[in-house]
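Heads up, the thing below is written out as structure tokens.
In what follows, every heavy atom counts, from backbone to side chain, and hydrogens, waters and symmetry copies are set aside. Counting convention: from 1, in listed order, for ligands and their atoms alike.
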Amino acid sequence: MDTLVLKFGGTSVGSTDRISTVAEIVKDASKEAFPVVVVSAMSGETDRLIELAHLFSSEPDKREFDALISTGEKVSASLVAIALNQLGLKAKSFSAAQVGLKTTAQFSRAKILDLNKEIIINTISDGYIPVITGFQGITDSGDTTTLGRGGTDTTAVAIAASIQAMRCDIYTDVDGIYTTDPRIVPEAKKLDSISMEEMLELAGQGAKVIQTRAVEFANKYEVPVRVLSSFEPGSGTMILKEEEGMEDAIIKGIASQKDQTKFTLHGVVDTPGIASGILSPVSDEGIEVDVIVQNVSVSGKTDFTFTVATEDRQEVEKVLKDKMTGISYDELIVDESIGKVSLVGVGMRSHAGIASTAFNALADAKINIQMISTSEIKITIVIDVNQLEDAVKTLHKAFNLDK
Ligand code: ADP
Ligand code: ASP
Ligand code: MG
């Protein structure tokens, strides 16, 4: 049985008109394969729910918070099913709990462990189109969890992997993946295809067009993924295991990320094990540490700096205070005014001088570099958040990505 997973993001189900269009797209797709639909909440809804919780508390109870913010997807799933019925197609909405989508118990950043594909397959066999809520799951004990912002992408790819769908189509408000966010650089170019490896890095560094975990799933279970627009027809961008043909571009794309916080432990007594002493308790809490820099020590003392997402700031401060043992330092400096810009491309592997081109371009634009981290196919630069968009524009131009 050939199945096709179609995921619709918030703007794609943002109004009754948009939902009618979604129903038409699903109807068309049903000519190609048996569709399975996965939906986000209507645009703005998840933000609205988060704000509501924060009217009561800056740190709402984690279980209740996830129970609350998962409700938006239930509304859109039912509405899409109703719209499909209206078109004469038989459809049934399902919550993640109803398809047995089990996750870890880390509220707001839960990871998918398992799902009951039989329910989905049987629904299709009975002649119905399943419409499933994205972004959420349940723990073993039945509590509702959510998968982090943008998590519906991951639900969709996980379902596609589980039912061995022919493809997972991610419908959104842009017509594909661009060399950088087209909202920041209007001259950005749409890509016909991109490798999983490059998309993984771009998503990980802030290109929110698809959630990083979704690309990880696609890579691991070899799910072909396509990103395309629900607003206009087009072939979108394919995310492929290996990109064939064309010579690899040196830089494929640029990602940027705001809402980053830099922690500096100033005057740390430099003994073996300080990096793990500082960072292990942080990662034990499931918090992702990003760029890390340790300076050369002067008279036995050093500065240790790392960045995390600003939403994790409070938790990191708590962990450093309560759980870090055996580390002595003079002062903790917390800076929320930073951002990251990253250059990504598999062609970087075989080309020298990429970093210096980037640094020269930033220097010419009077953008000061605070931290640098590199990997085989990525260069990440931490700068003042107020210069972030400027930096993206500058680098996009410096590497001729608009050409
Ligand atoms: P959805 O609600 O459909 O999940 P998102 O807002 O999460 O949509 O993701 C789509 C947005 O991602 C686009 O509107 C665009 O601004 C942004 N984006 C960031 N980087 C890129 C990129 N490289 N290519 C395309 N879009 C990007
Ligand atoms: N509704 C959730 C969010 O806004 C999940 C998603 O859209 O993918 O983050
Ligand atoms: Mg999204």
Side-chain angles (χ1 to χ4, degrees), residues 6-14 18 22 25 38-51 65-66 68-77 96 108-110 112 132-137 145-158 168-194 198-215 225-232 234 236-237 239 251-258 311 341-345 388-389 392 395-396 401:
L6 293 89
K7 178 258 170 173
F8 295 94
T11 35
S12 300
V13 293
R18 297 306 315 157
V22 163
I25 292 172
V38 181
V39 290
S40 292
M42 295 170 80
S43 60
E45 180 61 7
T46 310
D47 287 335
R48 188 185 75 88
L49 295 166
I50 292 172
E51 269 167 36
F65 184 72
D66 275 17
L68 172 70
I69 69 170
S70 63
T71 57
E73 274 72 10
K74 298 207 176 105
V75 172
S76 49
S108 295
R109 55 169 86 104
I112 297 176
I132 304 166
T133 57
F135 179 53
Q136 57 204 268
T145 52
T146 62
L147 310 176
R149 298 308 303 266
T152 302
D153 298 325
T154 304
T155 308
V157 178
C168 181
D169 281 347
I170 307 279
Y171 282 91
T172 182
D173 56 4
V174 277
D175 61 345
I177 296 158
Y178 279 69
T179 46
T180 194
D181 189 341
R183 286 182 211 286
I184 299 177
V185 182
E187 299 80 28
K189 290 269 178 290
K190 183 176 94 72
L191 305 166
D192 291 332
S193 64
I194 185 166
E198 288 167 323
M199 195 61 234
L200 207 50
E201 293 284 12
L202 283 174
Q205 296 306 316
K208 73 162 186 166
V209 62
I210 183 166
Q211 203 192 33
T212 315
R213 290 276 300 155
V215 190
V225 174
R226 183 167 66 145
V227 174
L228 69 172
S229 169
S230 68
F231 288 74
E232 49 185 307
T237 302
I239 308 177
I251 302 294
K252 196 61 172 262
I254 299 175
S256 64
Q257 210 164 23
K258 293 181 189 160
E311 60 178 15
V341 57
S342 303
L343 299 159
V344 172
L388 195 58
E389 293 203 353
V392 174
L395 293 171
H396 197 268
L401 293 178

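Annotation: side chain of Ile177 is in contact with side chain of Ile239 (closest heavy-atom distance under 4.5 Å). Side-chain atoms of Ser40 and Glu73, non-hydrogen and from C-beta on, do get closer than 4.5 Å to each other.
Among protein heavy atoms, the minimum distance from atom 14 (O) of ligand 1 is reached at Arg183 NH2, 2.6 Å. Looking from atom 7 (O) of ligand 1 to the surrounding protein, the closest heavy atom is Lys208 O, 3.4 Å. In this structure, atom 13 (C) of ligand 1 lies nearest to the protein heavy atom Asp173 OD1, 3.5 Å. Summary of contacts: the protein heavy atom closest to atom 23 (N) of ligand 1 is Tyr178 O, 3.0 Å. With hydrogens left out, the protein atom closest to atom 7 (O) of ligand 2 is Ser40 OG, 3.0 Å, a heavy atom. If you check which protein heavy atom lies closest to atom 21 (C) of ligand 1, you get Asp181 CA, 3.7 Å. Looking at atom 8 (O) of ligand 1, its nearest protein heavy atom turns out to be Thr172 OG1, 3.1 Å. Closest protein heavy atom to atom 27 (C) of ligand 1: Val209 CB, 3.6 Å. Gly10 N, 3.1 Å is the protein heavy atom nearest to atom 2 (O) of ligand 1. Nearest protein heavy-atom neighbour of atom 9 (O) of ligand 2: Arg149 NE, 2.7 Å.
Between Gly148 and ligand 2, no N or O atom pair is found at a separation short of 3.5 Å. Inclusion of Ala207 in the set of residues having an N or O under 3.5 Å from an N or O of ligand 1 is not warranted. When only interatomic distances are considered, the shortest N/O to N/O separation between Thr46 and ligand 2 falls below 3.5 Å.
Short contacts between ligand 1 and Ile177, defined as distances under 4.0 Å to a heavy atom of the residue, involve ligand atoms 24 (N). Heavy-atom proximity to Glu73, at under 4.0 Å, picks out these atoms of ligand 2: 1 (N), 2 (C), 5 (C). Those atoms of ligand 1 that come under 4.0 Å of a heavy atom in Lys7, given as number and element, are 4 (O).
Only the backbone of Thr180 comes within 4.0 Å of ligand 1, judged by heavy-atom distances. At a 4.0 Å heavy-atom cut-off, ligand 1 does not touch Ala255 at all.
With salt bridges taken as basic N to acidic carboxylate O contacts below 4.0 Å, none links Glu51 and Arg48.
Crowding of Lys74 atom NZ: a count of heavy atoms from other residues, nucleotides or ligands under 6.0 Å exceeding 12.
No side-chain N or O of Asp66 forms a donor-acceptor pair with one of Thr145 less than 3.5 Å apart.
The shortest separation from a heavy atom of Gly176 to ligand 1 is under 4.0 Å, placing the residue in contact. Residue contact annotation: Gly134 has no non-hydrogen atom under 4.0 Å from ligand 2. In this structure, Gly9 has no heavy atom closer than 4.0 Å to ligand 2. A heavy-atom separation below 4.0 Å is found between Pro182 and ligand 1.
At least one donor-acceptor pair closer than 3.5 Å links the side chain of Thr179 to the backbone N or O of Lys189.
Relative to the ring axis of Tyr178, Arg183 does not place its NZ or CZ within 45° and under 6.0 Å from the centre.
To the nearest 0.5 Å, the span separating CZ on Phe135 from OG1 on Thr154 amounts to 10.5 Å.
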